[in-house]
**Student:** 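Right, I'll just put the structure down here and ask away after.
Chain letters run A, B, ... following the sequence lines, proteins first and then strands; every chain starts at 1. Nothing here was measured: the structure is a model prediction, and the numbers come from that model. Computed over heavy atoms, backbone and side chain alike; hydrogens, waters and symmetry mates excluded.
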There are 2 protein chains.
Amino acid sequence: MAYAVQYIDKLRKSGLRPTKQRIKICEVLFDTDKTFHFTIKELVKIIENQANIKVSLATVYNTVHAFIKKGYLKEIPLNASQSYYDTNVTHHHHFFDEEENRLIDIHQDDVDEVNIKKTIPGKKIKSVEVIAKIVSDNQSQK
Amino acid sequence: MAYAVQYIDKLRKSGLRPTKQRIKICEVLFDTDKTFHFTIKELVKIIENQANIKVSLATVYNTVHAFIKKGYLKEIPLNASQSYYDTNVTHHHHFFDEEENRLIDIHQDDVDEVNIKKTIPGKKIKSVEVIAKIVSDNQSQK
DNA sequence: TAATACATTATATTTATTCTAAACTGTTGA
DNA sequence: TCAACAGTTTAGAATAAATATAATGTATTA
(Lines give C-alpha, C1' and ligand atoms only; values in the text may rest on other atoms or scores of the structure.)
Protein backbone atom coordinates (compact mmCIF):
# COMPACT_ATOMS: atom_id res chain seq x y z
CA MET A 1 0.00 0.00 0.00
CA ALA A 2 3.02 2.22 0.34
CA TYR A 3 2.81 3.57 -3.13
CA ALA A 4 -0.94 3.66 -3.54
CA VAL A 5 -0.96 7.44 -3.91
CA GLN A 6 1.53 7.33 -6.75
CA TYR A 7 -0.44 4.62 -8.47
CA ILE A 8 -3.67 6.55 -8.21
CA ASP A 9 -1.84 9.47 -9.74
CA LYS A 10 -0.43 7.35 -12.55
CA LEU A 11 -3.85 5.93 -13.28
CA ARG A 12 -5.55 9.31 -13.29
CA LYS A 13 -2.90 10.75 -15.57
CA SER A 14 -3.56 7.84 -17.89
CA GLY A 15 -7.23 8.70 -17.92
CA LEU A 16 -8.21 5.73 -15.78
CA ARG A 17 -10.11 5.56 -12.55
CA PRO A 18 -8.20 3.93 -9.73
CA THR A 19 -9.85 0.59 -9.10
CA LYS A 20 -8.76 -2.41 -7.05
CA GLN A 21 -7.71 -4.29 -10.17
CA ARG A 22 -5.74 -1.45 -11.67
CA ILE A 23 -3.94 -0.67 -8.43
CA LYS A 24 -2.97 -4.32 -8.18
CA ILE A 25 -1.58 -4.14 -11.71
CA CYS A 26 0.44 -1.08 -10.68
CA GLU A 27 1.79 -2.87 -7.64
CA VAL A 28 3.07 -5.71 -9.75
CA LEU A 29 4.55 -3.42 -12.38
CA PHE A 30 6.00 -0.60 -10.32
CA ASP A 31 6.42 -1.81 -6.73
CA THR A 32 10.07 -2.67 -7.17
CA ASP A 33 13.36 -1.08 -8.08
CA LYS A 34 13.97 -3.68 -10.71
CA THR A 35 12.51 -3.25 -14.15
CA PHE A 36 11.41 -6.29 -16.09
CA HIS A 37 9.98 -7.64 -19.31
CA PHE A 38 6.62 -9.36 -19.47
CA THR A 39 3.84 -10.65 -21.65
CA ILE A 40 0.18 -10.09 -20.80
CA LYS A 41 -0.23 -13.72 -19.81
CA GLU A 42 2.77 -13.58 -17.51
CA LEU A 43 1.43 -10.44 -15.90
CA VAL A 44 -1.92 -12.08 -15.25
CA LYS A 45 -0.16 -15.08 -13.74
CA ILE A 46 1.95 -12.90 -11.44
CA ILE A 47 -1.17 -11.11 -10.23
CA GLU A 48 -2.98 -14.39 -9.60
CA ASN A 49 -0.05 -15.72 -7.61
CA GLN A 50 0.45 -12.56 -5.57
CA ALA A 51 -3.06 -11.47 -4.77
CA ASN A 52 -6.48 -12.76 -4.06
CA ILE A 53 -7.82 -10.28 -6.56
CA LYS A 54 -9.19 -11.68 -9.78
CA VAL A 55 -8.27 -9.66 -12.84
CA SER A 56 -9.55 -10.40 -16.31
CA LEU A 57 -7.42 -10.39 -19.42
CA ALA A 58 -9.43 -7.49 -20.83
CA THR A 59 -8.64 -5.27 -17.86
CA VAL A 60 -4.96 -6.06 -18.08
CA TYR A 61 -4.86 -5.32 -21.80
CA ASN A 62 -6.69 -2.04 -21.32
CA THR A 63 -4.51 -0.88 -18.47
CA VAL A 64 -1.26 -1.85 -20.13
CA HIS A 65 -2.24 -0.07 -23.32
CA ALA A 66 -3.21 3.08 -21.44
CA PHE A 67 0.18 3.05 -19.69
CA ILE A 68 2.00 2.59 -22.98
CA LYS A 69 0.15 5.52 -24.49
CA LYS A 70 1.16 7.62 -21.50
CA GLY A 71 4.75 6.39 -21.56
CA TYR A 72 4.69 4.44 -18.30
CA LEU A 73 5.40 1.20 -20.17
CA LYS A 74 7.03 0.34 -23.48
CA GLU A 75 6.29 -2.32 -26.03
CA ILE A 76 9.38 -4.05 -27.39
CA PRO A 77 9.46 -4.51 -31.18
CA LEU A 78 9.89 -8.21 -31.88
CA ASN A 79 8.66 -10.95 -34.14
CA ALA A 80 7.18 -13.13 -31.51
CA SER A 81 3.68 -14.52 -31.43
CA GLN A 82 2.97 -12.56 -28.26
CA SER A 83 3.80 -8.97 -27.44
CA TYR A 84 6.52 -8.23 -24.93
CA TYR A 85 6.39 -5.20 -22.68
CA ASP A 86 9.02 -3.44 -20.58
CA THR A 87 8.69 -1.56 -17.31
CA ASN A 88 11.96 0.17 -18.15
CA VAL A 89 10.95 3.18 -20.19
CA THR A 90 14.35 4.83 -20.19
CA HIS A 91 16.33 4.83 -23.38
CA HIS A 92 17.92 1.43 -23.83
CA HIS A 93 18.01 -1.53 -26.18
CA HIS A 94 17.64 -5.31 -26.24
CA PHE A 95 19.19 -8.58 -27.08
CA PHE A 96 16.63 -11.17 -28.10
CA ASP A 97 17.61 -14.78 -27.70
CA GLU A 98 15.32 -16.61 -30.09
CA GLU A 99 16.49 -20.00 -28.92
CA GLU A 100 15.35 -19.35 -25.38
CA ASN A 101 12.75 -16.66 -26.10
CA ARG A 102 14.52 -14.38 -23.69
CA LEU A 103 15.04 -10.62 -23.67
CA ILE A 104 18.13 -9.01 -22.18
CA ASP A 105 18.59 -5.29 -21.65
CA ILE A 106 21.42 -3.41 -23.27
CA HIS A 107 22.13 -0.23 -21.38
CA GLN A 108 22.36 3.01 -23.22
CA ASP A 109 26.02 3.18 -22.22
CA ASP A 110 26.72 -0.07 -24.03
CA VAL A 111 25.65 1.27 -27.42
CA ASP A 112 26.76 4.42 -29.17
CA GLU A 113 23.94 6.83 -29.83
CA VAL A 114 22.17 5.77 -33.02
CA ASN A 115 22.33 8.74 -35.32
CA ILE A 116 20.01 8.52 -38.32
CA LYS A 117 20.87 10.94 -41.11
CA LYS A 118 17.81 10.30 -43.22
CA THR A 119 14.64 12.29 -42.60
CA ILE A 120 11.07 11.88 -43.81
CA PRO A 121 9.20 15.05 -44.75
CA GLY A 122 6.40 15.88 -42.32
CA LYS A 123 7.53 13.21 -39.89
CA LYS A 124 9.67 13.22 -36.79
CA ILE A 125 11.35 10.36 -35.01
CA LYS A 126 9.44 9.22 -31.94
CA SER A 127 11.70 6.39 -30.80
CA VAL A 128 14.74 4.44 -31.86
CA GLU A 129 15.12 0.82 -30.83
CA VAL A 130 17.97 -1.56 -31.44
CA ILE A 131 17.19 -5.27 -31.44
CA ALA A 132 20.21 -7.58 -31.56
CA LYS A 133 19.34 -11.20 -32.10
CA ILE A 134 21.71 -13.61 -30.43
CA VAL A 135 22.31 -17.32 -30.95
CA SER A 136 24.48 -19.97 -29.35
CA ASP A 137 28.13 -19.46 -30.13
CA ASN A 138 29.19 -23.04 -30.80
CA GLN A 139 32.87 -22.28 -30.79
CA SER A 140 34.11 -19.83 -33.33
CA GLN A 141 35.76 -21.87 -36.12
CA LYS A 142 39.47 -22.61 -36.05
CA MET B 1 10.77 -17.40 -67.20
CA ALA B 2 14.07 -15.62 -67.56
CA TYR B 3 15.28 -16.43 -64.09
CA ALA B 4 13.74 -19.85 -63.69
CA VAL B 5 17.13 -21.51 -63.33
CA GLN B 6 18.12 -19.21 -60.49
CA TYR B 7 14.83 -19.79 -58.77
CA ILE B 8 15.16 -23.55 -59.04
CA ASP B 9 18.58 -23.17 -57.50
CA LYS B 10 17.30 -20.97 -54.68
CA LEU B 11 14.52 -23.44 -53.97
CA ARG B 12 16.81 -26.44 -53.95
CA LYS B 13 19.29 -24.69 -51.69
CA SER B 14 16.36 -24.03 -49.35
CA GLY B 15 15.52 -27.73 -49.34
CA LEU B 16 12.43 -27.28 -51.47
CA ARG B 17 11.42 -28.93 -54.73
CA PRO B 18 10.80 -26.48 -57.52
CA THR B 19 7.07 -26.51 -58.15
CA LYS B 20 4.86 -24.24 -60.21
CA GLN B 21 3.62 -22.44 -57.12
CA ARG B 22 7.04 -21.93 -55.59
CA ILE B 23 8.54 -20.65 -58.82
CA LYS B 24 5.69 -18.19 -59.05
CA ILE B 25 6.46 -17.02 -55.53
CA CYS B 26 10.09 -16.53 -56.56
CA GLU B 27 9.06 -14.53 -59.60
CA VAL B 28 7.05 -12.15 -57.49
CA LEU B 29 9.76 -11.82 -54.86
CA PHE B 30 12.93 -11.76 -56.92
CA ASP B 31 12.03 -10.82 -60.51
CA THR B 32 12.82 -7.16 -60.04
CA ASP B 33 15.70 -4.87 -59.15
CA LYS B 34 13.63 -3.22 -56.51
CA THR B 35 13.39 -4.73 -53.09
CA PHE B 36 10.17 -4.39 -51.14
CA HIS B 37 8.34 -5.12 -47.92
CA PHE B 38 5.32 -7.38 -47.76
CA THR B 39 2.94 -9.35 -45.59
CA ILE B 40 1.86 -12.88 -46.44
CA LYS B 41 -1.59 -11.68 -47.44
CA GLU B 42 -0.18 -9.05 -49.72
CA LEU B 43 2.08 -11.60 -51.34
CA VAL B 44 -0.86 -13.91 -51.99
CA LYS B 45 -2.80 -11.02 -53.49
CA ILE B 46 0.06 -10.07 -55.81
CA ILE B 47 0.32 -13.64 -57.02
CA GLU B 48 -3.41 -13.85 -57.63
CA ASN B 49 -3.36 -10.63 -59.62
CA GLN B 50 -0.30 -11.54 -61.67
CA ALA B 51 -0.82 -15.16 -62.49
CA ASN B 52 -3.46 -17.69 -63.22
CA ILE B 53 -1.81 -19.96 -60.71
CA LYS B 54 -3.67 -20.60 -57.50
CA VAL B 55 -1.45 -20.67 -54.42
CA SER B 56 -2.67 -21.53 -50.96
CA LEU B 57 -1.73 -19.61 -47.84
CA ALA B 58 0.02 -22.66 -46.44
CA THR B 59 2.35 -22.92 -49.42
CA VAL B 60 3.24 -19.25 -49.19
CA TYR B 61 3.96 -19.49 -45.46
CA ASN B 62 6.10 -22.57 -45.94
CA THR B 63 8.10 -21.10 -48.78
CA VAL B 64 8.64 -17.73 -47.12
CA HIS B 65 9.84 -19.40 -43.94
CA ALA B 66 12.23 -21.64 -45.81
CA PHE B 67 13.69 -18.58 -47.54
CA ILE B 68 14.07 -16.74 -44.26
CA LYS B 69 15.90 -19.70 -42.75
CA LYS B 70 18.23 -19.68 -45.74
CA GLY B 71 18.67 -15.90 -45.67
CA TYR B 72 16.89 -15.11 -48.93
CA LEU B 73 14.30 -13.07 -47.07
CA LYS B 74 14.24 -11.23 -43.75
CA GLU B 75 11.52 -10.72 -41.19
CA ILE B 76 11.32 -7.19 -39.83
CA PRO B 77 10.94 -6.91 -36.05
CA LEU B 78 7.81 -4.93 -35.35
CA ASN B 79 4.78 -4.82 -33.09
CA ALA B 80 2.18 -5.20 -35.73
CA SER B 81 -0.62 -7.73 -35.85
CA GLN B 82 0.85 -9.26 -38.97
CA SER B 83 4.46 -10.10 -39.79
CA TYR B 84 6.30 -7.97 -42.29
CA TYR B 85 8.97 -9.41 -44.55
CA ASP B 86 11.69 -7.80 -46.64
CA THR B 87 13.26 -8.91 -49.92
CA ASN B 88 16.23 -6.70 -49.08
CA VAL B 89 18.51 -8.93 -47.05
CA THR B 90 21.46 -6.58 -47.03
CA HIS B 91 22.34 -4.80 -43.85
CA HIS B 92 19.96 -1.88 -43.42
CA HIS B 93 17.35 -0.50 -41.06
CA HIS B 94 13.78 0.80 -41.00
CA PHE B 95 11.50 3.62 -40.17
CA PHE B 96 8.05 2.45 -39.15
CA ASP B 97 5.23 4.90 -39.55
CA GLU B 98 2.60 3.63 -37.15
CA GLU B 99 0.05 6.17 -38.33
CA GLU B 100 0.14 4.85 -41.87
CA ASN B 101 1.43 1.35 -41.14
CA ARG B 102 4.25 1.94 -43.56
CA LEU B 103 7.86 0.76 -43.56
CA ILE B 104 10.64 2.84 -45.06
CA ASP B 105 14.20 1.65 -45.60
CA ILE B 106 17.13 3.37 -43.98
CA HIS B 107 20.31 2.65 -45.88
CA GLN B 108 23.34 1.44 -44.04
CA ASP B 109 25.06 4.67 -45.04
CA ASP B 110 22.42 6.71 -43.22
CA VAL B 111 23.19 5.16 -39.84
CA ASP B 112 26.52 4.80 -38.10
CA GLU B 113 27.46 1.21 -37.44
CA VAL B 114 25.74 0.08 -34.25
CA ASN B 115 28.49 -1.06 -31.94
CA ILE B 116 27.29 -3.05 -28.95
CA LYS B 117 29.83 -3.30 -26.16
CA LYS B 118 27.94 -5.80 -24.03
CA THR B 119 28.36 -9.51 -24.66
CA ILE B 120 26.45 -12.55 -23.44
CA PRO B 121 28.50 -15.62 -22.49
CA GLY B 122 28.00 -18.50 -24.94
CA LYS B 123 26.09 -16.32 -27.36
CA LYS B 124 27.03 -14.42 -30.46
CA ILE B 125 25.17 -11.65 -32.26
CA LYS B 126 23.32 -12.88 -35.31
CA SER B 127 21.76 -9.63 -36.45
CA VAL B 128 21.31 -6.03 -35.39
CA GLU B 129 18.21 -4.12 -36.42
CA VAL B 130 17.30 -0.52 -35.80
CA ILE B 131 13.61 0.39 -35.80
CA ALA B 132 12.85 4.09 -35.68
CA LYS B 133 9.21 4.91 -35.15
CA ILE B 134 8.06 8.08 -36.83
CA VAL B 135 4.99 10.23 -36.31
CA SER B 136 3.56 13.34 -37.91
CA ASP B 137 5.57 16.41 -37.11
CA ASN B 138 2.82 18.92 -36.41
CA GLN B 139 5.03 21.92 -36.36
CA SER B 140 7.77 22.06 -33.80
CA GLN B 141 6.58 24.41 -31.06
CA LYS B 142 7.34 28.16 -31.17
C1' DT C 1 7.64 -45.25 -66.11
C1' DA C 2 6.42 -47.00 -61.62
C1' DA C 3 7.18 -46.27 -56.92
C1' DT C 4 8.27 -43.11 -53.56
C1' DA C 5 8.77 -39.02 -51.18
C1' DC C 6 7.52 -34.66 -51.02
C1' DA C 7 3.82 -30.72 -52.14
C1' DT C 8 -0.52 -28.53 -52.40
C1' DT C 9 -4.78 -27.49 -50.85
C1' DA C 10 -9.07 -26.71 -48.26
C1' DT C 11 -10.25 -26.90 -43.99
C1' DA C 12 -9.75 -27.22 -39.12
C1' DT C 13 -7.15 -25.74 -35.18
C1' DT C 14 -4.68 -22.82 -32.23
C1' DT C 15 -3.77 -18.73 -29.92
C1' DA C 16 -3.23 -13.70 -29.08
C1' DT C 17 -5.91 -9.94 -29.02
C1' DT C 18 -10.13 -7.27 -29.30
C1' DC C 19 -15.03 -6.76 -28.72
C1' DT C 20 -19.52 -7.04 -26.32
C1' DA C 21 -23.00 -6.48 -23.18
C1' DA C 22 -24.56 -7.26 -18.63
C1' DA C 23 -23.47 -6.53 -13.89
C1' DC C 24 -20.74 -3.59 -10.91
C1' DT C 25 -18.22 0.51 -8.78
C1' DG C 26 -16.04 5.06 -8.31
C1' DT C 27 -17.35 9.82 -8.62
C1' DT C 28 -20.01 13.90 -8.37
C1' DG C 29 -23.15 17.10 -6.74
C1' DA C 30 -27.29 18.00 -4.16
C1' DT D 1 -24.81 10.85 2.63
C1' DC D 2 -26.72 9.12 -1.26
C1' DA D 3 -28.73 8.94 -5.80
C1' DA D 4 -27.54 9.07 -10.44
C1' DC D 5 -24.24 8.72 -13.84
C1' DA D 6 -20.26 7.60 -16.14
C1' DG D 7 -16.87 4.66 -16.37
C1' DT D 8 -15.20 -0.42 -15.20
C1' DT D 9 -14.98 -5.38 -14.89
C1' DT D 10 -15.81 -9.63 -16.54
C1' DA D 11 -16.90 -13.98 -19.03
C1' DG D 12 -17.44 -15.24 -23.09
C1' DA D 13 -17.81 -14.37 -28.04
C1' DA D 14 -15.57 -12.68 -32.11
C1' DT D 15 -11.60 -11.86 -34.98
C1' DA D 16 -7.60 -12.87 -37.39
C1' DA D 17 -2.81 -14.55 -38.06
C1' DA D 18 -0.38 -18.51 -38.16
C1' DT D 19 0.05 -23.49 -37.96
C1' DA D 20 -1.51 -28.28 -38.40
C1' DT D 21 -4.00 -31.99 -40.84
C1' DA D 22 -4.94 -35.34 -44.10
C1' DA D 23 -6.50 -36.36 -48.62
C1' DT D 24 -5.10 -35.67 -53.28
C1' DG D 25 -1.60 -34.45 -56.58
C1' DT D 26 3.24 -34.00 -58.51
C1' DA D 27 8.38 -34.11 -58.90
C1' DT D 28 12.01 -37.29 -58.49
C1' DT D 29 14.51 -41.64 -58.73
C1' DA D 30 16.00 -45.79 -60.22
**Student:** Select base, sugar-phosphate, or nothing to describe what A:T39 touches, counting heavy atoms under 4.0 Å on all strands.
**Tutor:** nothing

**Student:** Nearest whole Å is fine: how far is D:dA11 C1' from A:K54 NZ?
**Tutor:** 9 Å

**Student:** Is A:S81 close enough to D:dA17 that one of its side-chain N or O atoms is under 4.0 Å from OP1 or OP2 there?
**Tutor:** no

**Student:** Are OP1 or OP2 of D:dT9 and a side-chain N or O of A:R22 less than 4.0 angstrom apart?
**Tutor:** yes

**Student:** Measure the spacing between CD of B:E113 and CG of B:N115 and express it to the nearest 0.5 Å.
**Tutor:** 8.0 Å

**Student:** Return the nearest nucleotide to the side chain of A:P18; candidates are C:dT27, D:dA18, C:dT8.
**Tutor:** C:dT27

**Student:** Quick one: A:Y61 OH to D:dT10 P, roughly how many Å, whole number?
**Tutor:** 15 Å

**Student:** Assigning hydrophobic clusters by single linkage (Ile, Leu, Val, Met, Phe, Trp, Tyr; side-chain heavy-atom cutoff under 4.5 Å), is A:V111 placed with A:V89?
**Tutor:** no

**Student:** To the nearest 0.5 angstrom, please state how far the CZ atom of A:F30 sits from the CD1 atom of A:I23.
**Tutor:** 12.5 Å

**Student:** Please state how far atom CG in B:L57 lies from atom P in C:dA10, giving the value in whole angstrom units.
**Tutor:** 10 Å

**Student:** Please check: side-chain N/O of B:T32 versus main-chain N/O of B:K34, any donor-acceptor pairing under 3.5 Å?
**Tutor:** yes

**Student:** Among D:dA11, C:dT17, D:dT9, which is the nearest nucleotide to the side chain of A:T19?
**Tutor:** D:dT9

**Student:** Does B:T59 reach a base, just sugar-phosphate, or nothing at all? Heavy atoms under 4.0 Å.
**Tutor:** base

**Student:** With a 4.0 Å cutoff (strictly under), does any side-chain N or O of B:R12 reach OP1 or OP2 of C:dC6?
**Tutor:** no

**Student:** With a 4.0 Å cut-off on N to O distance, would you call B:K45 and B:E48 a salt bridge?
**Tutor:** no

**Student:** B:F38 CZ to D:dA17 P: how many Å, rounded?
**Tutor:** 16 Å

**Student:** May I have the distance from B:L16 (atom CG) to D:dA27 (atom P), rounded to whole angstrom?
**Tutor:** 14 Å

**Student:** So, OP1 or OP2 of D:dG25: does either fall under 4.0 Å of a side-chain N or O from B:R17?
**Tutor:** no

**Student:** Round to the nearest Å and state the distance from B:Y84 atom OH to D:dA18 atom C1'.
**Tutor:** 16 Å

**Student:** Both B:E75 and B:K20 contact DNA chain D. Taking the nearest nucleotide for each, which residue is further toward the 5' end?
**Tutor:** B:E75

**Student:** Roughly how many Å is it from CD in A:Q21 to P in C:dT25, rounded to a whole number?
**Tutor:** 9 Å

**Student:** Can you tell me the distance, in whole Å, between the NE2 atom of A:H65 and the C1' atom of D:dT9?
**Tutor:** 17 Å

